[in-house]
Amino acid sequence: MDRPGLSGATQRIRVAPERITACLFDLDGVLTSTAAQHMAAWKQTFDAFLREREGEHFSPFTERDYLEYVDGRPRADGVRQFLASRGISLPEGSRDDPPASDTIHGLGNRKNETLQAIIRQRGVTPYPGSVRYLEAVRSAGLTIGVVTSSENGASVLEAAGLSRFVQARIDGLVITEQKLRGKPAPDAFLAGARALRVAPAEAAVFEDALAGVQAGRAGGFGWVVGVDRTHHADELRAHGADVVVSDLADLLVADR
């Protein structure tokens, strides 16, 4: 269903069902291209760890590993899930473990250190179609929240020039502070809905991660949009997406 923008808007957003009044966006891979940077940081971190542990004939971290075990999850959860898939157990450690520590949190901090270096080198770029969609959503009078498992949510939004659109941000720091369960549990999206003062049925969730789509469906949200950046549309649908698009601009229709 079309939702017209305010006077002067050149495009309209297509939102269903009609009761949607708020939009909750994942960040990496939905609004910004940083999902590829996260994937690169995880691969560097896990491959180095596995090589040191198993030698040069180790089995590398793959894109499938990223999608199944890491994407969309809080950092420590991603470490646990991936290592468990390889039959590896490490001490939990603590959140302030140095990156060199062979603990769950140490390995996660090692990944974050690598990610920060990659971001400094490459910068942060929002998807043009996502910026256009955010502009249309704002013009239509819908409220906007960002829900991300990343602890770098504020800095990434600022670097991408997207903070101006966002009325509520639930990121990895908030998830830890409020002791929320990570995706695929719906806790973070439900916190986003509360922050925008809307019922879940009145909010749309936009996610590229399988765990994130699961979270949107589990939370009873009114519309779950899968964003397919890595050619896994069928899996997004199977995990609960109502509709799958390759770019948020696909949800725009031009005014006539």
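Both backbone and side-chain heavy atoms feed into the values below; hydrogens, waters and symmetry mates do not. Just so it is clear, the model here is predicted, and its values are computed rather than measured.
Not one N or O on the side chain of Arg197 forms a donor-acceptor pair closer than 3.5 Å with the backbone of Ala193. At least one donor-acceptor pair closer than 3.5 Å links the side chain of His232 to the backbone N or O of Asp208. One N or O on the side chain of Glu207 and one on the backbone of Ala209 form a donor-acceptor pair closer than 3.5 Å. Side chain of Asn109 to backbone of His105: a donor-acceptor contact under 3.5 angstrom is found. Judged by distance alone, with hydrogens and angles left aside, the side-chain atoms of Arg164 form a donor-acceptor pair with the main-chain N or O of Gly161 at under 3.5 Å. Side chain of Thr103 to backbone of Gly106: a donor-acceptor contact under 3.5 angstrom is found.
Minimum interatomic distance between Asp171 and Ala154 (heavy atoms only, all atoms of both residues): OD2-N, 4.1 Å. Among all heavy-atom pairs drawn from Arg181 and Pro186, the shortest one is NH2-CD, 4.2 Å. In terms of heavy atoms, Ala195 sits closest to Ala168 at CB-CB, 3.7 Å. Closest approach of Gly29 and Val227 over heavy atoms only: O-CG1, 4.2 Å. Counting all heavy atoms, side chain and backbone alike, Ser246 lies closest to Arg229 at O-NH1, 3.3 Å. In terms of heavy atoms, Pro200 sits closest to Gly219 at CB-O, 3.5 Å.
Trp223 is not listed as a side-chain neighbour of Val205, based on a closest heavy-atom distance of 4.5 Å or more. At a threshold of 4.5 Å between non-hydrogen side-chain atoms, the residues Asp187 and Ile175 do not count as touching. Phe206 is not listed as a side-chain neighbour of Asp26, based on a closest heavy-atom distance of 4.5 Å or more. Within the 4.5 Å cutoff, the side chain of Thr230 has no heavy atoms near those of the Tyr66 side chain. For the pair Arg217 and His239, the minimum side-chain heavy-atom distance is 4.5 Å or more. You'll find the side chain of Thr32 stays beyond 4.5 Å of the side chain of Thr125, heavy atoms only. No side-chain heavy atom of Leu31 sits under 4.5 Å from any side-chain heavy atom of Pro126. Residues Glu92 and Arg80 meet the side-chain proximity criterion, which asks for heavy atoms closer than 4.5 Å.
The line from CD of Glu151 to CG of Leu173 is 5.0 Å long, rounded to the nearest 0.5 Å. Note that CD of Glu52 is 10.5 Å distant from CG of Leu50, once rounded to the nearest 0.5 Å. Distance check, rounded to the nearest 0.5 Å: CD1 of Ile119 to OG of Ser155 gives 6.5 Å. Interatomic distance, CZ of Arg64 versus CG of Asp71, reported as 10.5 Å (0.5 Å rounding). Going from atom CD of Glu54 over to atom CZ of Phe49 covers 8.0 Å, rounded to the nearest 0.5 Å. Considering CG of Leu180 and CD1 of Ile170, their distance stands at 7.5 Å, rounded to 0.5 Å.
Scanning for salt bridge (Lys or Arg N to Asp or Glu O under 4.0 Å) contacts around Glu202 gives an empty result, with sequence neighbours left out. Annotation: salt bridge (Lys or Arg N to Asp or Glu O under 4.0 Å) contacts of Arg53 (sequence neighbours excluded): none. Judged as a side-chain hydrogen bond (donor to acceptor under 3.5 Å, both in side chains), and not counting sequence neighbours, Ser101 has no contacts. For the salt bridge (Lys or Arg N to Asp or Glu O under 4.0 Å) test, no residue two or more places apart in sequence or in another chain qualifies with Asp250.
The cluster map of Ile, Leu, Val, Met, Phe, Trp and Tyr, joined by side-chain heavy atoms under 4.5 Å apart, puts Leu248 and Leu142 in the same cluster. In this structure, Leu157 is not a member of the same hydrophobic cluster as Tyr127, with clusters built from ILVMFWY side-chain heavy atoms closer than 4.5 Å. Cluster annotation: Met39 and Val156 are assigned to distinct hydrophobic clusters (Ile/Leu/Val/Met/Phe/Trp/Tyr, side-chain heavy-atom contacts under 4.5 Å, transitive). In this structure, Trp42 is a member of the same hydrophobic cluster as Leu90, with clusters built from ILVMFWY side-chain heavy atoms closer than 4.5 Å. Cluster membership for Ile20 and Ile144, using ILVMFWY side-chain heavy atoms within less than 4.5 angstrom, is shared.
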Passes side-chain hydrogen bond (donor to acceptor under 3.5 Å, both in side chains), Ser150 versus Thr148? Steps please. CA-CA 5 Å; Ser150 173; Thr148 174; 4.7 Å; no
List the steps and the verdict of side chain to side chain contact (heavy atoms under 4.5 Å, CB included) for Leu83 and Leu107. CA-CA 11 Å; Leu83 292 184; Leu107 204 56; 4.2 Å; yes
Show, in sequence, the C-alpha distance, side-chain angles and deciding distance for Thr143 and Gln167, and conclude whether the side-chain hydrogen bond (donor to acceptor under 3.5 Å, both in side chains) test is met. CA-CA 7 Å; Thr143 53; Gln167 282 98 55; 4.8 Å; no
Side chain to side chain contact (heavy atoms under 4.5 Å, CB included) for Tyr133 and Leu252? Distances and angles first, verdict last. CA-CA 7 Å; Tyr133 191 72; Leu252 294 171; 3.7 Å; yes
Please assess Phe58 against Asp47 for the test side chain to side chain contact (heavy atoms under 4.5 Å, CB included), listing each intermediate value before the final yes or no. CA-CA 8 Å; Phe58 74 98; Asp47 282 359; 3.7 Å; yes
Applying salt bridge (Lys or Arg N to Asp or Glu O under 4.0 Å), run through Asp77 and Lys183 and close with a yes or a no. CA-CA 9 Å; Asp77 287 354; Lys183 304 170 188 176; over 6 Å; no
Worked verdict on Val147 versus Leu27 for side chain to side chain contact (heavy atoms under 4.5 Å, CB included): CA-CA 7 Å; Val147 178; Leu27 180 57; over 6 Å; no
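Using a 3.5 Å distance cut-off with no hydrogens or angles, the side chains of Asn152 and Gln116 do pair a donor with an acceptor. With 3.5 Å as the limit, one finds no donor-acceptor pair spanning the side chains of Gln44 and Thr114.
Evaluation of the ring-ring contact (aromatic ring centres under 6.0 Å, His included) test over residues 77-98, restricted to residues two or more places apart or in two chains, returns Phe46-Phe82, Phe61-Phe82. Here ring-ring contact (aromatic ring centres under 6.0 Å, His included) pairs that include residues 152-185, with residues two or more places apart or in two chains, number zero.
Between Arg110 and Asp97 there is no salt bridge, since no side-chain N of the basic residue sits under 4.0 Å from a carboxylate O of the acidic one. Salt bridge Arg86/Asp65: present, at least one basic N to carboxylate O contact under 4.0 Å. Salt-bridge formation is not detected for the pair Glu63/Lys43: no Lys NZ or Arg NE/NH1/NH2 atom is positioned less than 4.0 Å from an Asp or Glu carboxylate oxygen. Remark: Glu177 does not engage Arg95 in a salt bridge, criterion side-chain N to carboxylate O under 4.0 Å. With salt bridges taken as basic N to acidic carboxylate O contacts below 4.0 Å, none links Asp242 and Arg237.
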